[in-house]
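Bear in mind the structure is a predicted one, so any value in this text is a computation, not a measurement. Convention: sequence-line order gives letters A, B, ...; per-chain numbering from 1.
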Amino acid sequence: MAEDDLLKHRRDKLAALETAGIDAYPARVSVDGTVQSVRARFDETEADELEEIAPGVRLAGRVTALREHGKSAFSDLDDGTGHIQCHLRQKLLGDDSFGAWIELDLGDFVGVEGTLFRTRTGELTVRVDRWEFVAKALRPMPEKWHGLKDTEVRYRQRYLDLLANPDVRDIFRRRAEIIRALRAHLDANDFLEVETPTLQPLYGGAAARPFRTHHNTLDMDLYLRIAPELYLKRLLVGGLQRVYDLNRNFRNEGISRQHNPEFTMLEFYAAYWDYGRMMDFAEELLCLAFGHPDGSSPLTYQGEELSLARPWARVTLRDALIERGNMDAALVDDENALRAWLDERDVATGGLGLGGLREAALDKVVKPLLTSPVFVVDYPLEISPLSKVKPGESDVVERFELYMGGMEIANGYSELNDPREQGRRMREQVANRGEHDDEVPPEVDEDYIVALEHGMPPAAGIGIGLDRLVMLATDSSTIRDVILFPLLRQRD
RNA sequence: GGGCCGUUAGCUCAGUUGGCAGAGCACCGGCCUUUUAAGCCGGGUGUCCAGGGUUCGAUCCCCUGACGGCCCA
């Protein structure tokens, strides 16, 4: 039947309901449990025992199947916590009520009241004594057996994806569990959850192109934050020793399997920690998030086994290229040779020094090889403007990036708290900023420098990409599968 | 931004070496009081993504575009 006809049939049925004086969208329905709670109590109860107790239930949900049998019918009711079969009998309900049930469309919401029993085949079933109309569905549900596969529809109309594909519901439940586990462990370790501005007059804390917006009353240009870092560190100055911010960041860059323009980041800071202690804590926190607190069970990600066994590997950026990437030490140590090697591989090298070239090699060439967790440590100063220099070194900072499943998962460092050096680095960045180089803010965040001048304790901080974490935990190959409404191009 | 692939019924998908468009589920009409991907009988419901071209004839071949996927930047 053509779509217009399908919709017309449903609209006609809605009109018929209303003609019969039935409210198709009543304000309330009386329910005394969920399918899940009913199943928890009676899934194991035998047929004869059920007969004896005759448990009364009132449930509401969508009708997802209707099997007519002349003077009776079976239907499946799905309330979002699970589905349960209902048995309707003409003799019990009367002709009008039974006839109205037969006229239901799949997807309509109903409330049922009745008694639990087991059918001949042992299925837990509600023998419906009374039912009421709860809400009309004017459009057809996706097909019940194959589900909904069209990726475009799945993302654009996520509600259909959630209705049709139970695995998808599980992913988003898992996402919520992970967030709960992260918060619980941070809270237990005296981290204070805070909210810092999304609308910022200047952006910072990462190298990324921002989204711009404007506040009308103040007639003020603003940026959506690319990271909360500089505000969280202001809080360290203010005496909040451990803070975290779990929220959305926005980067006006490409979209890929690992990038969505808005994404969720957990960022936290601890006074008096250094980057080594932060790595220890991150290991512990992530193992909890994965549900393997001792790290003993591996994760399977995209067909590869990924060991969580602690301690997680820590290798310097230089060694990561040599040991993990099988690159020659001579190549890794020779700026010109490395630049040529990257040019051959079409990796952009403009303006980069040896440190930047090494980072580019890691990002573009070696990263896919990093499956089991590895902290790449001791980053070049030239690409780390907010990190503290490693004692005894001139161009290496106390910074790490965590790689898992071929993805960058986290980035952390011992925080630079010397206002003079921070000011120098920021001024240098702005001075070297190209005309259209949006990755660097147009001016120095002097307000942040003033904050540091008031004194910031030594501290370590980290940012963890929550979406990628959920990808690992749910074995999802694309970030769109762990974000409910990923950004897609507008149609038409 | 570049390359490759895809877009056919509400959904999942076949198909036409260019000649009236197919299946299962859903849907519509009928039968059926323990079915559960219920079953049985009957019914195909369509802008074959859009526009242009080639052709007697295009869903199919060519071009352009839209949207999506994968890979690369």
Counting heavy atoms from C-beta on, name the nucleotide in [options] closest to the side chain of [X].
{"X": "H146(A)", "options": "rU12(B), rG69(B), rC28(B)", "answer": "rU12(B)"}
{"X": "L6(A)", "options": "rU12(B), rG69(B), rG10(B)", "answer": "rG10(B)"}
{"X": "D346(A)", "options": "rU12(B), rA73(B), rU34(B)", "answer": "rA73(B)"}

Pairwise [atom1] distance for [N] and [M], with rounding to whole Å:
{"N": "rC48(B)", "M": "rA37(B)", "atom1": "P", "answer": "36 Å"}
{"N": "rG42(B)", "M": "rG65(B)", "atom1": "C1'", "answer": "44 Å"}
{"N": "rG43(B)", "M": "rC67(B)", "atom1": "P", "answer": "42 Å"}
{"N": "rA58(B)", "M": "rG18(B)", "atom1": "C1'", "answer": "6 Å"}
{"N": "rG6(B)", "M": "rC13(B)", "atom1": "C1'", "answer": "13 Å"}
{"N": "rC28(B)", "M": "rU35(B)", "atom1": "C1'", "answer": "22 Å"}
{"N": "rU7(B)", "M": "rG19(B)", "atom1": "C1'", "answer": "24 Å"}

- [ ] Would you kindly compare S72(A) and D76(A) by the position of their nearest RNA chain B nucleotide and give the one closer to the 5′ end?
- [x] S72(A)
- [ ] For V347(A) and for L106(A), locate the closest nucleotide of RNA chain B by heavy-atom distance; then report the residue assigned to the nucleotide nearer the 5' terminus.
- [x] L106(A)
With both distances under 3.5 Å as the test, what is the Watson-Crick or G-U wobble partner of [N]?
{"N": "rU35(B)", "answer": "none"}
{"N": "rG68(B)", "answer": "rC5(B)"}
{"N": "rG10(B)", "answer": "rC25(B)"}
{"N": "rC60(B)", "answer": "none"}

Base, sugar-phosphate alone, or nothing: which one does [X] contact when heavy atoms must sit under 4.0 Å apart?
{"X": "L7(A)", "value": "nothing"}
{"X": "F117(A)", "value": "base"}
{"X": "R257(A)", "value": "sugar-phosphate"}
{"X": "G147(A)", "value": "sugar-phosphate"}
{"X": "D150(A)", "value": "sugar-phosphate"}
{"X": "R156(A)", "value": "sugar-phosphate"}
{"X": "R154(A)", "value": "nothing"}

Side-chain N or O of [X] versus OP1/OP2 of [N]: is the shortest distance under 4.0 Å?
{"X": "R89(A)", "N": "rU33(B)", "value": "no"}
{"X": "K13(A)", "N": "rC28(B)", "value": "yes"}
{"X": "R120(A)", "N": "rU35(B)", "value": "yes"}
{"X": "R67(A)", "N": "rA38(B)", "value": "yes"}
{"X": "R480(A)", "N": "rG68(B)", "value": "no"}
{"X": "R139(A)", "N": "rG10(B)", "value": "no"}
{"X": "R10(A)", "N": "rG10(B)", "value": "no"}

Measure the distance from [atom1] on [X] to [atom2] on [N] and round it to the nearest whole Å.
{"X": "Q90(A)", "N": "rU35(B)", "atom1": "CD", "atom2": "P", "answer": "19 Å"}
{"X": "I255(A)", "N": "rG69(B)", "atom1": "CD1", "atom2": "C1'", "answer": "14 Å"}
{"X": "I102(A)", "N": "rG30(B)", "atom1": "CD1", "atom2": "P", "answer": "12 Å"}

Open item on the list: Suppose the criterion is ring pair (Phe, Tyr, Trp, His ring centres under 6.0 Å): which pairs have a residue in residues 110-160 of chain A, not counting sequence neighbours?
Closed with: W101(A)-W131(A)
Task: Lys/Arg N to Asp/Glu carboxylate O, D170(A) vs R173(A), below 4.0 Å - done: yes
- [ ] Scan side-chain atoms only and decide if S72(A) and R89(A) contain a donor-acceptor pair under the 3.5 Å cut-off.
- [x] no
TODO: Using distance alone, with no hydrogens and no angle criterion, decide if R67(A) and Q85(A) have a side-chain donor and acceptor under 3.5 Å apart.
DONE: yes
Task: Heavy-atom pair of closest approach, residues L317(A) and E359(A) - done: CD2-N, 4.1 Å
Task: Nearest atoms (heavy-atom pairs only) where I464(A) meets L469(A) - done: CG2-CD2, 4.2 Å
Open item on the list: Tell me if a side-chain donor or acceptor on R318(A) pairs with a main-chain N or O of D378(A) at a distance below 3.5 Å.
Closed with: no
Open item on the list: On the side chain of E68(A), is there an atom forming a donor-acceptor pair with the base of rC31(B) - under 3.5 Å, no angle test?
Closed with: no
Task: Atom CZ of R130(A) with >12 non-hydrogen neighbours under 6.0 angstrom - done: no
